Each structure stands twice: as C-alpha cells, then as structure tokens.
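Protein chains get the first letters and strands the later ones, always in sequence-line order, with residue 1 at the start of each. None of these values were measured; they are calculated from a predicted model.
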Amino acid sequence: MNSVADILLDWYAREGRDLPWRRTRDPYRIWLSEVILQQTRVAQGTEYYLRFTERFPDVASLAAAPEDEVLKLWQGLGYYSRARNLHAAARQVVERFGGRFPVALEEVRSLRGVGDYTAAAICSAAYDAPCAVVDGNVYRVLARLFDLDAPIDSTAGKRAFAELAQSQLDTAHPGRYNQAIMDFGALRCTPSSPRCEACPLAGQCLALAAGTVAARPVKQGKTRVRDRWFNYLHVSSGDRTLLHRREGRDIWQGLYEFPLIETEEPAELPELVRLPQFRELLGDAPWHLVRSIPLPKHQLSHQTLHAVVHRIETLSLTPAAAAMAVPTAALGDYAVPRLIDRYLIKYQI
DNA sequence: AAGCCGGGGCC
DNA sequence: GGCCCAGGCTT
C-alpha cells in the first residue's frame, strides 16, 4: 500500500496536470500528442496538438494531406523528421491497417517515428496495455529513487532502466501510472531544485539518502556545437521571389528557404558573386543589391548559424531561377525555418 | 555505439 | 554557455 507506485498514483490524483490528450482514449490523438512531445516541453507542444487535431481530426485526414501542408502546420516546432514520419505513418495506417489504428504493441511500434517510448505510451494510454514508458522524466525519477549511476545514453544503461521501469509498473493501472511517473518527473522530481525535503518519496529515495540527487541521472555524451555560415540570396523579380526546398540529410529537410550559398567562413558579396552557384542563379542579366542584412545569430542544439540575407532585385530570371520562383504573396504558404520566418516578419515580406 | 536532428526555457 | 525537454533514425 506504500509502494512507490501507490505514492506516485496518489500524488498524481492530487497534483497531476489536466492535459487535452488525457481527455481522450483515441489512439490517433494520443499518438499525435506523443510525437509532438518527443524532445519537446508540454508548454511548447500543446498549441501544436490543438492545431493538428482541429485540422486533422482523424488519421484519414492526415494521410490525405500533402506533406507540405503537414510541415507548414509543424513550422516552428523543430525536429521536422517527426512531421514527415507522422505523415508517412498516417499513410501506413491507411494502407496496412485499413485506416484503423493498430492495437498490438509490435504493430504500433512498426509505424514510422514510433520507437519504444512512443509505442508504450500509446498502448498504455489508449488500451491500458502493461507497457512501462521510459522517457527523460522516468530516467530521472528512477535514477534518483534507486541511485543508479548507469549512463542513460549507453545501451546497457537503457536496458537496465527499461527493465527497472517495467518492474515498477502498476499493472492494474498502466495508463495512469505512466502518466503519473512522467508528471512527477516534470513537476516534482525536476532536473534542478527538486525540493526533496517536501517530496512524498523522500523516505524511499536512495539518491536523497546518499546525497547524489543532483548527480542523477548520469549522462556520458557531450554535445559539440559547430559554426556554419549561411549566405542567403533573397532574389525578387517583379512579383515573384526565389524559394528553394531543402533536401538531403541536413537540418530543415523539406522546409523552404531562399537560395543558399554556404561557406566555410564569413563571406562578402563580391566573393559570392564569383561562385558558380551565384552565376547559375543570376546569370548575366543585370541585377542590383538592395542591401545586405546580417541576421541575429541562430542557435540550434548542435549548430550555431551565422546567416546573412542579400536582397537582390533583377529584371529577368535564368531558367534555373525561374524554376524556383513563387509569387511573393504566397510566401506565407511555405514551411520555413524559424530563422527565415523571423526575417520575413521583421521586414514585413 | 555514436551522431544527427530544432527550438525554447532555465540556470 | 550548458543542460534539458513525453525520442527516433541513420550510419
């Protein structure tokens, strides 16, 4: 009766959050919320969840949409592969499961963008399947409760925590228990300043007894940040503007931006003009520089972007440029990175 | 096993 | 400036 699970469920009944996706057992909506919340705080993701459920009330409507529209709705949330995978998975549900969201854990786990955590979260919340979730909150709560120093970003550590989490699961109420331990991590057992003196689990917390709370969980990986220099060519001709869809294995895949010349170091316009990419775009026809605008330094978790926008006007477009031209009035229909969005807003384009 | 993928909030 | 966030995919 005084088990960890009982204390967590009791705490959750008093202090748990009332969140939109907890008011439904629709696996589609629960799946949607889980993908949105991957590596994303509830406060940041909630607005997107409401936006998506309104525009795409069921999996069929999501599957029927063009990928660009899904990305546009996702704009600003980051980790855009989630949006592409979400869309691909919706089509998987239609094609492989006849539009019915799968029930079996392994079938759910087979969907694009659904890993161990998300599959367990969906199946426990929607179907009360006895699957323990292991997210960042669970790592922290369990690492402290049991004073475990296994690195959470090592294979052995992940396996150890997964088994421990499963052993702690309240199999009578898997859905509620999972929500409880995650809320507990998010609201009570916080990364810093967890206020252990007033914690309902203080009596059972081994890290508290050992004085190692601040050192749990252990993580071995270190994040390296590299610098990149983006030289954007904001080219307009009449009522059209050049826009380009990012491809390849890089940031912002599938999003749109101005034609980009990336350099190894800061570059001035005269240097860019000599490059073949520039000549292919502007050709030999006359053009003129309106002005060059250095954008504020843009910080990603693993990259620091130094971007400059060169506003250029030209009378005629080369074939390569014409293929990229879109009506300037339609720029708002395209999913663009935050960096570009801020620029467009600031200069009212 | 290690790297990569965004953006925002907190200290 | 570094860490963290309801992680997953690729190499």
Side-chain angles (χ1 to χ4, degrees), chain A residues 16-17 19-22 30-49 71 74-86 88-89 109-122 124-125 131-141 151-159 161-162 165 175 177-187 189-194 214-226 228 246 248-255 296-305 335-342:
Chain A
R17 289 173 290 189
L19 301 171
W21 46 91
R22 288 180 176 164
I30 292 167
W31 164 58
L32 182 58
S33 74
E34 293 301 341
V35 174
I36 287 174
L37 292 172
Q38 287 168 4
Q39 292 291 286
T40 302
R41 295 174 191 281
V42 166
Q44 188 186 2
T46 300
E47 177 191 334
Y48 286 84
Y49 172 80
L71 281 168
W74 198 273
Q75 175 178 305
L77 196 54
Y79 282 154
Y80 297 93
S81 66
R82 292 183 293 168
R84 299 193 309 273
N85 288 336
L86 183 80
R109 174 70 177 77
S110 75
L111 297 173
R112 294 283 300 178
V114 176
D116 291 337
Y117 162 77
T118 304
I122 294 169
S124 62
C131 317
V133 296
V134 186
D135 73 332
N137 294 305
V138 175
Y139 278 125
R140 188 169 52 255
V141 172
I152 61 172
D153 53 353
S154 71
T155 301
K158 284 175 184 166
R159 184 168 43 76
F161 277 96
Y177 170 85
N178 279 337
Q179 301 299 313
I181 191 170
M182 288 192 288
D183 254 17
F184 190 79
L187 302 177
C189 195
T190 50
S192 65
S193 313
R216 301 285 179 267
V218 171
K219 211 168 171 183
Q220 58 187 8
K222 40 210 172 283
T223 50
R224 295 216 192 301
V225 180
R226 68 174 171 128
R228 299 177 75 175
R246 286 184 71 94
R249 305 175 300 276
D250 199 352
I251 58 172
W252 302 334
Q253 185 184 342
L255 272 60
K297 188 161 62 173
H298 193 73
Q299 192 65 54
L300 306 180
S301 34
H302 50 292
Q303 297 180 19
T304 301
L305 305 182
V336 299
R338 263 286 202 253
L339 177 72
I340 301 294
D341 195 42
R342 291 205 172 101

Please list, chain by chain and in numerical order, all residues satisfying side-chain hydrogen bond (donor to acceptor under 3.5 Å, both in side chains) with A/Y117, sequence neighbours excluded.
-> A/E34
Spacing between A/L255 atom CG and B/dG7 atom C1', to the nearest angstrom = 13 Å
Which part of the nucleic acid does A/Q220 contact within heavy-atom distance under 4.0 Å: base, sugar-phosphate only, or nothing?
-> sugar-phosphate
Can any side-chain N or O of A/D153 pair as donor or acceptor with the backbone N or O of A/Q220 at less than 3.5 Å?
-> yes
Base, sugar-phosphate, or nothing for A/I36, non-hydrogen atoms under 4.0 angstrom?
-> nothing
Whole-Å distance separating the CD1 atom of A/I340 from the P atom of B/dG6 | 14 Å
Figure out the CH2/P separation between A/W252 and B/dC5, and round it to whole Å.
-> 11 Å
What residues, two or more places apart in sequence or in another chain, satisfy ring pair (Phe, Tyr, Trp, His ring centres under 6.0 Å) together with A/F184?
-> A/W11
Would you indicate what A/G45 reaches in the nucleic acid, counting non-hydrogen atoms under 4.0 angstrom: base, sugar-phosphate, or nothing?
-> nothing
Expressed in angstrom and rounded to an integer, what is the separation of A/L77 atom CG from B/dG9 atom C1'?
-> 14 Å
Figure out the CG/C1' separation between A/L300 and B/dC4, and round it to whole Å.
-> 12 Å
Short side-chain N/O contact to B/dG7 OP1/OP2 from A/H302, under 4.0 Å = no
Taking atom CD of A/Q38 and atom OG of A/S33, what is their separation to the nearest 0.5 Å?
-> 10.0 Å
Quickly work out the A/D153 CG to B/dA2 P distance and round it to whole Å.
-> 8 Å
Residues A/R22, A/Q179; criterion side-chain hydrogen bond (donor to acceptor under 3.5 Å, both in side chains); working and verdict = CA-CA 9 Å; A/R22 288 180 176 164; A/Q179 301 299 313; 2.8 Å; yes
Take A/Q299 and A/S193, find for each the nucleotide of DNA chain B with the closest heavy atom, and name the residue whose nucleotide sits nearer the 5' end.
-> A/Q299
Stepwise, does the side-chain contact (heavy atoms from CB on, under 4.5 Å) test hold for A/W74 with A/L255?
-> CA-CA 10 Å; A/W74 198 273; A/L255 272 60; over 6 Å; no
For A/N178, which contact category applies under a 4.0 Å heavy-atom criterion: base, sugar-phosphate, or nothing?
-> nothing
Distance between C1' atoms of C/dA6 and B/dG3 (Å, rounded) = 22 Å
Readout for nucleotides 3-11 of chain C: B = base within 4.0 Å of protein heavy atom, S = sugar-phosphate only, - = neither; 5' to 3' it is SBBBBSSSS
P atom, C/dG8 versus B/dG9: distance in rounded Å?
-> 24 Å
Using heavy atoms to find the nearest nucleotide of DNA chain B for A/S154 and A/H298 separately, return the residue whose nucleotide is more 5′.
-> A/S154
With distance as the sole test, does A/R140 use its side chain to make a donor-acceptor pair with the main-chain N or O of A/G185 at under 3.5 Å?
-> yes
Rounded to whole angstrom, note down the C1' distance from C/dC9 over to B/dG8.
-> 23 Å
